[in-house]
Amino acid sequence: MDDRLANLTWLRSFEAAARLLNFTETAQELGLTQTAVSLHIRSLEARLGSKLFYRQARRLELTEIGQAYALTVRQALGDIALSTTRLFGAETARTLTVRVPVSTSALWLAHLLPGFAARHPDINIRLVSNIWTEPEPRDDVDADVEVRLGHGDWQDVTSVRLSQETIVPVCAATAPRPQKVAELLQGPLIHILGYEDHWARYFAAHDLPYANEHARFSVDTTVAALQLVAGGGGYATVLTRFAELSIERGMGLEIAGPPMPFAQSHYLIRRQGRGPLRPEVQLFETWLAEIFDGSATGE
């Protein structure tokens with residue numbers, strides 16, 4: 001056996017600290033003191049002979065090897081907990097409530113969930129969605145896992161970035177594909193409410209003039225925008241991951257121009273005051289991180 005195999009208590013503290021990026025919140029979640037958590041992390045780093053965190057003035061940041069190790073540890077702890085429950089504990093229902101933005105649900109995550117179910121057939125998923133008009137999630141749904149799209153600056157929660165997003169213009173597969181970005185100005189253009197500045201930013205990045213009167217249609221979801229595009233209604237700008245998966249699933253779309261960085265990202269949300277994560281939550285959050293960064297396909 002490898003004599004560097006770490007103490008399980010240290011690993012538990014490391015998993016929580018890697019997820020929360022805050023020793024104080026880690027201590028609160030685990031029912032320990034901040035000093036104890038800090039000691040566990042230092043002991044683990046000494047045992048492994050490698051730094052796992054960059055310690056900033058008011059925040060933590062995982063090192064590159066720390067990020068890789070966190071995924072492995074989270075998966076292992078989840079597997080141990082589930083196996084223990086199956087063999088020694090009374091059978092209990094394992095259902096996760098997962099809350100995500102409606103377009104992320106319909107255009108991306110819902111297509112990939114069968115992959116998680118195949119890996120973990122004993123975990124049931126309840127998928128609920130927020131629409132763009134809701135500034136805060138509904139209080140009547142207590143989510144085990146929550147993902148938001150934004151800038152990561154929400155109050156009273158810890159947010160862990162899952163993605164770096166880009167946007168692309170899309171057109172119908174049956175329509176002529178523009179040879180130059182300037183041809184997109186001929187339209188028709190589709191606005192998605194809440195993201196009306198997408199077109200302006202896209203054209204500005206290519207030094208092209210744009211006025212709002214270029215837009216012919218406005219819709220309230222990316223789902224509706226892509227359906228309108230596929231039906232020959234014009235061009236829309238959407239997250240690249242939504243466009244690529246929709247094309248892969250045969251929706252009848254084509255990417256009509258180069259990608260452009262998008263200021264918002266998908267974030268995993270952890271509310272303050274929550275207790276230790278159930279093992280099935282740890283497994284799902286690990287899987288989410290994998291599919292967002294492309295290291296797993298969801299299959």
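Note that the CG atom of Leu44 and the OG1 atom of Thr9 stand 11.5 Å from one another [nearest 0.5 Å]. To the nearest 0.5 angstrom, Leu8 atom CG is 6.0 Å from Ile80 atom CD1. Here the CG-CG distance, from Leu245 to Leu253, works out to 11.0 Å after rounding to the nearest 0.5 Å. Here the straight-line distance linking atom OH of Tyr267 with atom CZ of Arg161 works out to 5.0 Å at 0.5 Å rounding. Thr72 OG1 to Gln67 CD: the interatomic distance, rounded to the nearest 0.5 Å, is 12.0 Å. How far CG of Leu283 is from CG of Asp79: 5.5 Å, rounded to the nearest 0.5 Å.
Taking the six-membered ring wherever Trp is involved, the centroid distance between the rings of His40 and Phe14 does not fall below 6.0 Å. Taking the six-membered ring wherever Trp is involved, the centroid distance between the rings of Trp199 and Phe203 falls below 6.0 Å. Here the two rings, on Trp287 and Phe116, have centers that are under 6.0 Å apart.
Around atom CD of Glu64, no more than 12 heavy atoms belonging to other residues, nucleotides or ligands sit under 6.0 Å away.
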Task: Trace of the ring-ring contact (aromatic ring centres under 6.0 Å, His included) decision for Tyr202 with His198 - done: CA-CA 6 Å; Tyr202 192 82; His198 275 192; 9.6 Å; no
Task: Worked verdict on Leu107 versus Ser246 for side-chain contact (heavy atoms from CB on, under 4.5 Å) - done: CA-CA 7 Å; Leu107 295 171; Ser246 296; 4.0 Å; yes
TODO: Step by step, work out the side-chain contact (heavy atoms from CB on, under 4.5 Å) result for Val98 and Phe284.
DONE: CA-CA 9 Å; Val98 181; Phe284 192 85; 3.7 Å; yes
- [ ] Applying side-chain contact (heavy atoms from CB on, under 4.5 Å), run through His120 and Glu280 and close with a yes or a no.
- [x] CA-CA 9 Å; His120 305 286; Glu280 53 267 38; over 6 Å; no
- [ ] Go through the steps to decide whether Met260 and Val168 satisfy the test side-chain contact (heavy atoms from CB on, under 4.5 Å), and finish with yes or no.
- [x] CA-CA 7 Å; Met260 187 191 81; Val168 289; over 6 Å; no
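A salt bridge does not link Arg74 to Glu285: none of the charged nitrogens lies less than 4.0 Å from a carboxylate oxygen. Salt bridge annotation for Glu45-Arg47: absent, with no cationic side-chain nitrogen under 4.0 angstrom from a carboxylate oxygen. A salt bridge links Arg119 with Glu290: the closest approach of a Lys/Arg side-chain nitrogen to an acidic carboxylate oxygen falls below 4.0 angstrom.
Under the 4.5 Å side-chain heavy-atom criterion for grouping Ile, Leu, Val, Met, Phe, Trp and Tyr, Ile192 is connected to Leu149 within one hydrophobic cluster. Tyr69 and Tyr54 fall into different hydrophobic clusters, where Ile, Leu, Val, Met, Phe, Trp and Tyr side chains are chained together by heavy-atom contacts under 4.5 Å.
A donor-acceptor contact shorter than 3.5 Å links the side chain of Asn22 to the backbone of Glu25. With Ser105 contributing its side chain and Ser129 its backbone, the two residues share no donor-acceptor pair below 3.5 Å. In this structure a side-chain-to-backbone donor-acceptor pair under 3.5 Å is present from Asp144 to Thr97. With hydrogens and angles ignored, the 3.5 Å screen pairs a side-chain donor or acceptor of Ser43 with a backbone N or O of Leu39. Panel note: side chain Glu15, backbone Leu11; no donor-acceptor pair is recorded below 3.5 Å.
Ring orientation note: the planes of Phe23 and Phe53 are nearly perpendicular, at an angle over 60° on the 30°/60° scale.
Inter-residue side-chain proximity for Leu60 and Leu20 is flagged as unmet; no heavy-atom pair is nearer than 4.5 Å. Side chains of Leu109 and Ile291 form a contact here, defined as non-hydrogen atoms less than 4.5 Å apart. Side-chain contact between Ile255 and Glu244 is present, with heavy atoms from C-beta onward closer than 4.5 Å. Contact check for Leu228 versus Phe217: side-chain heavy atoms found under the 4.5 Å cut-off. When side chains are defined from C-beta on, Val147 counts as touching Leu288, because their heavy atoms get closer than 4.5 Å. Contact of the Val181 side chain with the Pro258 side chain is registered, since non-hydrogen atoms from C-beta on lie closer than 4.5 Å. You'll find the side chain of Thr158 stays beyond 4.5 Å of the side chain of Leu268, heavy atoms only. Two residues are said to be in side-chain contact when any heavy atoms from C-beta on lie closer than 4.5 Å; Leu77 and Val73 meet this criterion.
The two residues Thr166 and Thr240 come nearest to each other via the heavy atoms OG1-OG1, 2.6 Å. Taking all atoms of both residues into account, the shortest heavy-atom contact from Ser50 to Ile65 is OG-CG2, 3.5 Å. Listed here is the closest heavy atom pair of Arg241 and Ser163: NH2-CB, 3.5 Å. Residues Arg249 and His111 approach most closely at NH2-O, 3.5 Å, considering heavy atoms. A pairwise comparison of heavy atoms in Leu62 and Ala70 identifies CD1-CB, 4.5 Å as the closest pair. Of all heavy-atom pairs spanning His266 and Leu239, the tightest one is CE1-CD1, 3.7 Å.
For Thr174, the side chain to side chain contact (heavy atoms under 4.5 Å, CB included) partners are Ala172, not counting sequence neighbours. Contacts of Arg177 classified as salt bridge (charged side-chain N to carboxylate O under 4.0 Å, His left out), with partners at least two apart in sequence or in another chain: none. For Glu254, the salt bridge (charged side-chain N to carboxylate O under 4.0 Å, His left out) criterion is met by no residue, not counting sequence neighbours.
Between Thr24 and Gln34, the side chains place a donor N or O and an acceptor N or O closer than 3.5 Å (distance only, hydrogens not considered).
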